[in-house]
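Encoded as structure tokens, the structure appears first; notes follow it.
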Amino acid sequence: MEHVRRNRAWWDKDAADYQRRHGRDLGERAMAWGVWRIPEDEVGALGDAQGKDVLELGCGAAQWSIALARDGARPIGLDVSGRQLAHAAELIHDAGARVPLVQASAEELPFADASFDLVFCDHGAMSFADPHRTVPEAARVLRPGGLLSFCTDTPFHFVCWNERTERVGRTLQEPYFDMRTAEDEATTQFQLPYGQWIRLFRAHGLEVDDLIELRPPEDATTSYRGWVPLSWARSWPAEQIWRARKV
């Protein structure tokens, strides 16, 4: 798929700079969600992963998976970018953790059916891969009762993005219906209206357990400067976490 090749080329090119800009914060605040790093202990989007087989989609340098391995989970990190996985391999070695790494697209998972108790993603693959291909694949590799939990931008962010200023604003700029992809100079990203997400989950045997709209605290900090102003994210949800369980 052209968007897979495009995104892989970008992340291979940007991996070192990305980890230089964000890697330290992602490591120090590993088990935390979104650009504002809201702790999983407060969000509760994964639940207890101890002793579970876990797949991280779009793991980057695997900071999440390393932290989960320390807590007794059995994670596998998957990413389309070989350069990102090279950074992950270094961090895993330095941490003395056990986290197998796989280079593949989340749209074509190289795992058998019913291989995992938990499939999750913090932006990563669920932002940069086609949900009409990733959701069926995640459902396929989940065991009955297993959980798909992932964080992405919200439709609010999508429809309030101003192409002229290249900033998110306080007025609607883009149509809500039929939104599917957004392209910048380097990557292709994906988003769906809420109703389409729900119908997509249900079509593949997933029942929505929760939709967590992240609101950063007033003193939140982020290494992703210039993304969304804190005041905006405190007024409207910029990021969301879907939780859907295989029934």
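Each residue takes its place number in the sequence, starting with 1.
In this structure, Met126 and Leu57 have side chains that are in contact, with non-hydrogen atoms separated by less than 4.5 Å. By the 4.5 Å heavy-atom criterion applied to side chains, Phe111 and Val102 are counted as neighbours. Glu107 has its side chain within reach of Met1: a pair of non-hydrogen atoms, C-beta onward, lies under 4.5 Å apart. Side-chain contact check for Tyr194 versus Thr154: some heavy-atom pair is nearer than 4.5 Å. You'll find the side chain of Thr152 reaches within 4.5 Å of the side chain of Gln240, heavy atoms only. Looking at Asp113 and Val141, their side chains never come closer than 4.5 Å, going by heavy atoms from C-beta outward. In this structure, Cys59 and Leu85 have side chains that are in contact, with non-hydrogen atoms separated by less than 4.5 Å. Residues Leu55 and Leu109 have side chains in contact (heavy-atom distance under 4.5 Å, counting atoms from C-beta outward).
Between the side chains of Gln84 and Gln19, at least one donor N or O sits under 3.5 Å from an acceptor N or O. Checked by atom type, the side-chain pair Thr171/Gln173 shows a donor-acceptor distance below 3.5 Å. Neither side chain, Trp33 nor Glu239, offers a donor N or O lying under 3.5 Å from an acceptor on the other.
A salt bridge is absent between Arg133 and Asp130: the closest approach of a Lys/Arg side-chain nitrogen to an acidic carboxylate oxygen does not fall below 4.0 angstrom. We find that Arg234 and Glu218 are joined by a salt bridge, their nearest charged nitrogen and carboxylate oxygen being less than 4.0 Å apart. A salt bridge does not link Lys246 to Asp117: none of the charged nitrogens lies less than 4.0 Å from a carboxylate oxygen. Between Asp53 and Arg143 a salt bridge is recorded (basic side-chain N to carboxylate O distance below 4.0 Å).
To the nearest 0.5 Å, atom CZ of residue Arg6 and atom CZ of residue Phe128 are 10.5 Å apart. Distance check, rounded to the nearest 0.5 Å: CZ of Arg83 to CG of Asp17 gives 13.0 Å. Residue Asp122 holds its CG atom at 7.0 Å from CD1 of Ile241, rounded to the nearest 0.5 Å.
Judged purely by atom type and a 3.5 angstrom limit, Gln189 has no side-chain atom pairing as donor or acceptor with the backbone of Ser127. Judged purely by atom type and a 3.5 angstrom limit, Arg140 has no side-chain atom pairing as donor or acceptor with the backbone of His204. Within the 3.5 Å criterion, the main-chain N or O of Leu148 finds no donor-acceptor partner in the side chain of Arg245. Remark: side-chain polar atoms of Asp12 are paired, donor with acceptor, to backbone N or O of Gly82 under 3.5 angstrom.
For the residue pair Arg37 and Gly34, the shortest heavy atom distance occurs at NH1-O, 2.9 Å. Closest approach of Glu56 and Ala62 over heavy atoms only: OE1-CA, 4.4 Å. Here the closest non-hydrogen pair linking Ala16 and His87 is CA-NE2, 3.6 Å. Between Trp36 and Ala220 the shortest heavy-atom distance is CE3-CB, 3.7 Å. Scanning all heavy atoms of the two residues, the minimum distance from Asp71 to Met31 falls at OD2-SD, 3.7 Å. The minimum heavy-atom distance linking Ser65 with Val99 is given by the pair CB-CG1, 3.7 Å.
Residues Leu172 and Tyr176 share a hydrophobic cluster, clusters being chains of Ile/Leu/Val/Met/Phe/Trp/Tyr side chains in contact below 4.5 Å. Trp242 and Ile38 fall within a single hydrophobic cluster, where Ile, Leu, Val, Met, Phe, Trp and Tyr side chains are chained together by heavy-atom contacts under 4.5 Å. At a threshold of 4.5 Å between side-chain heavy atoms, the hydrophobic network of Ile, Leu, Val, Met, Phe, Trp and Tyr places Val80 and Trp64 in two separate groups. Under the 4.5 Å side-chain contact rule for hydrophobic residues, Ile212 and Val228 share a cluster.
In this structure, Trp227 and His157 have perpendicular ring planes: the angle between them is above 60°, well past the 30° mark. Aromatic ring pairs are classed by plane angle as parallel below 30°, tilted from 30° to 60° and perpendicular above 60°; the pair Phe201 and Trp197 is parallel. Ring planes of Phe190 and His3: perpendicular class, angle over 60° (limits at 30 and 60°).
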request  = Begin with the C-alpha distance, continue with both residues' side-chain angles, and end with the deciding distance and a verdict on side-chain contact (heavy atoms from CB on, under 4.5 Å) for Arg29 and Thr221.
outcome  = CA-CA 11 Å; Arg29 297 192 284 177; Thr221 60; 3.5 Å; yes

message = Go through it in stages, so that I can follow the logic: the residues are Leu147 and Phe120, the test is side-chain contact (heavy atoms from CB on, under 4.5 Å), and I'd like the CA-CA distance, side-chain angles, deciding distance and then a yes or no.
response = CA-CA 8 Å; Leu147 178 67; Phe120 85 100; over 6 Å; no

message = Apply side-chain contact (heavy atoms from CB on, under 4.5 Å) to residues Phe150 and Thr134 and explain how you reach the verdict.
response = CA-CA 11 Å; Phe150 64 93; Thr134 57; over 6 Å; no

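Within 6.0 Å of atom CD in Glu108, 12 or fewer heavy atoms from other residues, nucleotides or ligands are found, so the atom counts as exposed in its surroundings. Taking a 6.0 Å sphere around CZ of Arg21, one finds it holds more than 12 heavy atoms contributed by other residues, nucleotides or ligands.
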